[in-house]
Amino acid sequence: MIEVLPPVLILLAAAVLIGLTRGQLRSAIVLISPLITLWAVWQVPDGVSMTVDFIGYQLEPVEGSALRRLFATIFSLMTFVGGLYAFRHASALELAASYAYAAGAIGVAFAGDLITLFIFWETMAIFSTAVVWCGDTPMAGRAGKRYAVMHIIGGVILMVGITGIAVQTGSIEIQAMRAVDFASWMILIGLLINTAAPPFSAWLSDAYPEASSTGAVFLSAFTTKTAVLALILLFPGEPVLIGVGIYMIFYGIIYALLENDARRILAYSIVNQVGFMVCAIGIGTQLALNGAAAHAFAHIIYKGLLFMSAGVVFYRTGKRKCTDLGGLFRTMPLTCVCGIIGALSISSFPLTSGFTTKTLISEAVLTEGFAVVYFLLAAASAGVFLHAGIKFPWFVFFQKDSGLRPKDAPWNMSTAMVLFALACIGLGVFPQPFYALLPYPVEYDAYSPGKVLFYLQLLLFSGLAFFLLLPAMKRTLTITLDTDWLWRICMKLLANTLLGIMTAVNEVFSRSTYLRFDTMRTWARRHWGDQGVFARSWPIGTTAIWISVLLSGYVLLYYI
Amino acid sequence: MSIEGENDHWLVRPQTIRWLWTGFSVVLALIVVLQSVIKVKGYFGIDAWIGFGAVFGFLSCVGMVLVAKGLGRYLKREENFYDD
């Protein structure tokens, strides 16, 4: 049964065509296919509109709902703006991989059953790894391998959970559940690995900053946010998520504060922002889920904008460390202003998209009366301004004069940034049309004077704290240990030790038993070797005689 | 310094920076004072106090920077730590 054109096919076809074409035709495909996808997304009606039979299960590759369309819309928009940003600079391979990756995200957004979800989940894993590798440095190669291993492990865990659910319930429908047994826990863990939840948060800040300046823009958008969508669909109101989310929020802030690499600061702040969404999903009320969905939408825009701004700097200067940058506002005013708009949005400054979406989450927490969570989120909002809102633009564009005088962004990169900067402000100033797209009805006024004043105090005094504490935040040429130490150092030591022990044992063993082993081998060869009695070929006649002897013996015994 | 600063971009001249500090101090004072006119709705009592947002935001940031500094003491490594 097929009622609509599955939107995912358009981007998949585009990914193939990008590889086959060149020049202006390729540019046209890059720019037009996301817009056709956007159109197709809005043709998907509510409910299941496509089914396919597969090994006894009915797959539902296209299922629509307001929530799914919302995510697919922002994925299509992101692909368009990301494509515009990248099409003159990225290699055909990177563009094709990015588009296939985006197709995977759209596929997950409309997946009506767990098997379809898994297929597109893995599509994303494969092509996002390819995007990391397109960073084209030895570092990117190694980081891409670690990234791939992490996502393969996540995929296996997810598959174990899906199989368990399918066996237990006989249904592969996507429906809300709780983490109560082994199978549902496996699904939850599989999803959480992609949100960069602890203890797996390190993959994100390890891999994304190693991608090219254009690749990182795509990477920042899809993997974590499809995981957020999957969590909204499968685990709304799962209490574990509140704690996990709060951990992610503070992890992101603390690590970003310690970080010197501008793009890694942004990577940590993805974990931080996704933490807000995960926490909201844990609360699970309609208002909270609206908040998670709205925040994911706004987040893709301002985070894309921040990565674009950092990407232009990287593209023009080849540098990404705060210690090497500074003073770039002189020659890159547009990139600087767009970076600042992204930074203000992520800090949920009034009149930006972050304010109109993140306060939905705070409001949901207030409605439930969770005082501790509310104050933690308020402190975290201050922390976001500290680690991303001021730190990123300050160290990249102001701080000191690094002596660098790079040109501002090329026209396509500028256009992409301006589009997203306008979207940040548009969603911040006119939130109501956007609220109408959310999965549940919204009766919420973001701009009550008291709330605006509270947030202004919170944020501006965080700004004061930043500048007073500046001496304490002097950048150092360091990295910060994370859980990836376990697999980058600890596992390596363990493997080397094991290998050493096994070599030693093997040596001792083989010396003392070599003679005995050799006798055994000769004996075995005599009987089972190519001329051995059990292995060599015999004439058919001999076999026939043996069979007749055995059969007559059997018949004789039967009668006795 | 001021002579050197004259040739630099207007935004980084010491005079501009002094002016920016004064301007921001006024804004900071204003948004706290404004709370006597605009009522901030308190949900848990304490959050309706005058200047609560300001103090809370400031202290949270100080706290987070101190925690980060403390953790950094144990977790920071040279950049080529992982060179494999």
Structural part of [X] lying under 4.5 Å from a heavy atom of chain A:
| X | value |
| --- | --- |
| K76(B) | both |
| I46(B) | side chain |
| F58(B) | both |
| V55(B) | neither |

Heavy-atom side-chain proximity of [X] to [Y] below 4.5 angstrom:
| X | Y | result |
| --- | --- | --- |
| L71(B) | I254(A) | yes |
| W485(A) | L75(B) | no |
| R330(A) | V12(B) | yes |
| V40(B) | Q457(A) | no |
| Y82(B) | I489(A) | yes |

Need one label for [X]: side chain, backbone, both or neither, based on atoms under 4.5 Å from any heavy atom in chain B.
| X | value |
| --- | --- |
| Y374(A) | side chain |
| A378(A) | both |
| F250(A) | side chain |
| L258(A) | both |
| F466(A) | neither |

Does K145(A) have more than 12 heavy atoms from other residues, nucleotides or ligands lying within 6.0 Å of its NZ?
no
Spatial distance of atom [atom1] ([X]) from atom [atom2] ([Y]) [nearest 0.5 Å]:
| X | Y | atom1 | atom2 | answer |
| --- | --- | --- | --- | --- |
| F24(B) | L464(A) | CZ | CG | 10.5 Å |
| M64(B) | H387(A) | CE | NE2 | 10.0 Å |
| K41(B) | F454(A) | NZ | CZ | 13.5 Å |

